[in-house]
Amino acid sequence: MVFCLIAITSRSQHIAPLLHPPTSSWGSGFHVGLDKIANTYVWIGNADVDIPTEYVNIRWVNAFRSTAVRTQTMAIRDVEETTLSLEMPIDSSQWSTIVRSHWSFSRDNRNIGLSSLERLGGVGGVRWKPSDFVTAEAIGGVERLTQLGVAATGPIAGITAKAQNVDVDEWQMSLSGLADWNRVDELRTNTDMDLRAEVIKNIDGMSYLKLGATWLDLRRDFITNVTSPAGSLPAIESRGEGRLTAVGEIVYEIASGLSVSAVGQAQMNGIDRSYAEPVADVPITAVDRRLDELIVDISGGLTYSSPNVMATAVATVYRRDERNGVSTVFDVDDVIVDGLRAQENQRDNTTFTSKFVSTVKWTPSKHDTLQAEYTGFLTRYDTPSDLNYDDRDELSIVAALTYSRRMSDVLSASLTLSSQNVHFVFIKAQRSAQNFVNRVIRFVPRVDVTSSVITMSPRIEVLANYFVYDFEETGSATRSYSLRQISYRDSMRINLVPGWYLAGSVLLRRAEQASLLWGDFAEVPQLRTTEYLAKMLIFSATSESWTVGAGIRAYMLEQQSLAPGGLSPTSSLHWLAPETMITYRTPNGSELSLSGWYEFRRVNITGRTELPNLLLHTRITL
């Protein structure tokens, strides 16, 4: 049985907060916090409150985030979103009336783009929920929108429906639908139409067939910074976006433990931008700009699984074509139109990528595991315009081999050797001096210790990075370089006596950078970097509610010039900081945590500063 399904989802970009019950990602209750690290301040205020009663269900979700970065000036950005929803059953459990309000704003004290945007809306409507798998809503109301200092109030309306995991014959289907309309003012109208569908048929065992389709149509009218010389109202730009996507996936189990898969996706996108009225001396307002995009993505895979071996291999072919054009809407000189068309045509491009990924995991015994991974892809990026010099090819190969052994219930170890090679080639001569090959080799031994007394994961990484320009001999501006680095990382916890433990972490890193002559494999040392960060705290957790810790952290970063002429210091940063952490938990899951450290800094030997850092978070679970 094959049929077409129409689906509507909650992906509308305009009035989605009013079309659907509010949701959050931080759980029920309140979450308030302050992070102050160096010269950056972050405040958060989140809430998710659900109050069910006999006659009405109330839901309030709030998300607030404010950041401030203090340098020579103070850069402040505030983002707030709050939604209040009331749902009242009508006669039966299937029908209910809904009332929702949503307020959001984004403000930045810097003059960057849309530094101020605010929306306030309220709607009422009905909701139908005949089962846990099917829901539908219809709403209507008003919204006030403030953009670039211009405020307008207009009506809004929307409908949404969703059906999930509905069985029809041998198929399982999911469908949903969304449509909304907003008359901002006499000059601006915004609409959304989002239709989606998916059907799944389980063939046999682990085999299945999945088909999906999506149709999206968005229309936006918004105020721009373009104004006429007479100083009238800002020009209105219209943006339309249409997307049509078809997806198919099949997984077929050939035999026990052996299956093949194929996934295909085709997507056609179109975006057009135009102005409602032409503006003198602004030619772009007299034309319609159109972008057409076609994407085809096909992959096939093979999977094998047995008690000792797990292997996968996937090959992918991806192609994306983008074409840009200009058509005349209002009277404008043909020379100007040709210039705008040539400018848009410079963005035309075609991307073709072929990729192969494979993984093999072998467990010869219950203590040993050997895993090999390989990824290789070739990308070609072509631009038909002679004025666009971005044509390029990229070849990337990444391979890794890991051996791990479980020596006991307490001790395990692993060794990883990996390599990455990237060759980046610009086709046209104007940028060919930037062609390069990047080779990276890593060797990582690791040990994990887990016991009732001590837990730690020491890890050593040895890295060699060679960045070589293809034409380093012919250009003075291109300088190949090498970077060698060894680092040690560890995090540990040591249980001392019941209720008392030590916890800490350490990072040690030593790196040297040099100018590189790959042909002779010769180097000229340039810079040495030494860095360490260590912290250790002792914690008391003798109470079920309180955890208190105190200790110290230290940091050092030194850079030294290795250029001919002798070793000389370039820059350094040292600081030492006492640190404390306090956590209070209640039986119902609420938590108050406070941590901070006070840095005593020494910059380049002579400079001395003090810098407080504070993290304060409160989570109240209802």
Side-chain angles (χ1 to χ4, degrees), residues 1-16 19-20 23 128-138 157-181 190-204 206-220 239-252 259-272 290-301 314-323 350-353 355:
M1 176 180 180
V2 179
F3 50 88
C4 179
L5 302 176
I6 296 180
I8 305 175
T9 66
S10 60
R11 301 187 186 185
S12 166
Q13 298 179 3
H14 191 55
I15 64 171
L19 266 173
H20 301 276
T23 59
W128 180 54
K129 188 176 181 180
S131 69
D132 293 336
F133 307 103
V134 178
T135 59
E137 290 185 4
I159 58 173
T160 182
K162 181 184 297 184
Q164 291 182 317
N165 302 326
V166 179
D167 292 324
V168 178
D169 291 342
E170 297 179 353
W171 295 83
Q172 185 179 76
M173 63 181 182
S174 296
L175 56 149
S176 54
L178 182 149
D180 65 54
W181 171 83
N190 299 326
T191 61
D192 291 308
M193 181 70 72
D194 193 345
L195 310 174
R196 298 173 185 258
E198 183 180 88
V199 292
I200 301 176
K201 181 178 181 180
N202 293 318
I203 301 173
D204 185 21
M206 301 297 293
S207 304
Y208 66 86
L209 171 66
K210 180 188 295 185
L211 301 173
T214 300
W215 178 55
L216 177 68
D217 184 85
L218 306 178
R219 298 288 169 179
R220 295 288 182 273
R239 183 185 187 276
E241 178 179 352
R243 297 181 181 271
L244 179 61
T245 305
V247 180
E249 178 182 358
I250 184 170
V251 174
Y252 184 72
S259 63
V260 295
S261 63
V263 179
Q265 174 177 304
Q267 183 173 326
M268 293 184 295
N269 306 322
I271 299 175
D272 61 86
R290 174 77 182 182
L291 181 151
D292 290 298
E293 182 184 49
L294 174 63
I295 298 175
V296 178
D297 191 357
I298 302 174
S299 65
V314 179
T316 302
V317 176
Y318 171 89
R319 181 184 176 98
R320 175 183 176 271
D321 293 277
E322 178 185 330
R323 296 295 179 262
T350 298
T351 301
F352 182 83
T353 300
K355 183 177 182 180

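What you see is a predicted model; the values in this text were computed from it and never measured. Sequential numbering from 1 along the given sequence is applied to the chain's residues.
More than 12 heavy-atom neighbours from other residues, nucleotides or ligands sit within 6.0 angstrom of CG on D167. A 6.0 Å sphere centred on OH of Y252 holds no more than 12 heavy atoms belonging to other residues, nucleotides or ligands.
To the nearest 0.5 angstrom, Y318 atom OH is 12.5 Å from I298 atom CD1. Rounding to the nearest 0.5 Å places CG of D217 at 7.5 Å from CE of M193. Taken to the nearest 0.5 Å, the CE atom of M173 stands 12.5 Å off from the CD atom of E198. Taking CG from L195 and CZ from R243, the interatomic distance works out to 15.0 Å, rounded to the nearest 0.5 Å. Taking CD of E137 as the start and CD1 of I159 as the end, the distance is 11.5 Å to the nearest 0.5 Å. Taking CG from N202 and CD from Q172, the interatomic distance works out to 7.0 Å, rounded to the nearest 0.5 Å.
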(request) Walk me through it: do T160 and K162 pass the test side-chain contact (heavy atoms from CB on, under 4.5 Å)? (result) CA-CA 7 Å; T160 182; K162 181 184 297 184; 5.8 Å; no
(message) Between D192 and R220, does the side-chain contact (heavy atoms from CB on, under 4.5 Å) criterion hold? Intermediate values first, please.
(response) CA-CA 9 Å; D192 291 308; R220 295 288 182 273; 2.8 Å; yes
(request) Please assess T316 against T353 for the test side-chain contact (heavy atoms from CB on, under 4.5 Å), listing each intermediate value before the final yes or no. (result) CA-CA 8 Å; T316 302; T353 300; over 6 Å; no
(request) Take R323 and T350 through the side-chain contact (heavy atoms from CB on, under 4.5 Å) test and state the conclusion after the steps. (result) CA-CA 9 Å; R323 296 295 179 262; T350 298; 3.3 Å; yes
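L291 has its side chain within reach of E293: a pair of non-hydrogen atoms, C-beta onward, lies under 4.5 Å apart. Side-chain contact between E241 and N269 is absent, with no heavy-atom pair separated by less than 4.5 Å.
Taking all atoms of both residues into account, the shortest heavy-atom contact from D292 to G270 is OD1-CA, 4.2 Å. Between G248 and L211, the shortest heavy-atom contact is CA-CD2, 4.1 Å. When all heavy atoms are compared, the tightest approach of L19 to G158 is CD2-C, 3.7 Å.
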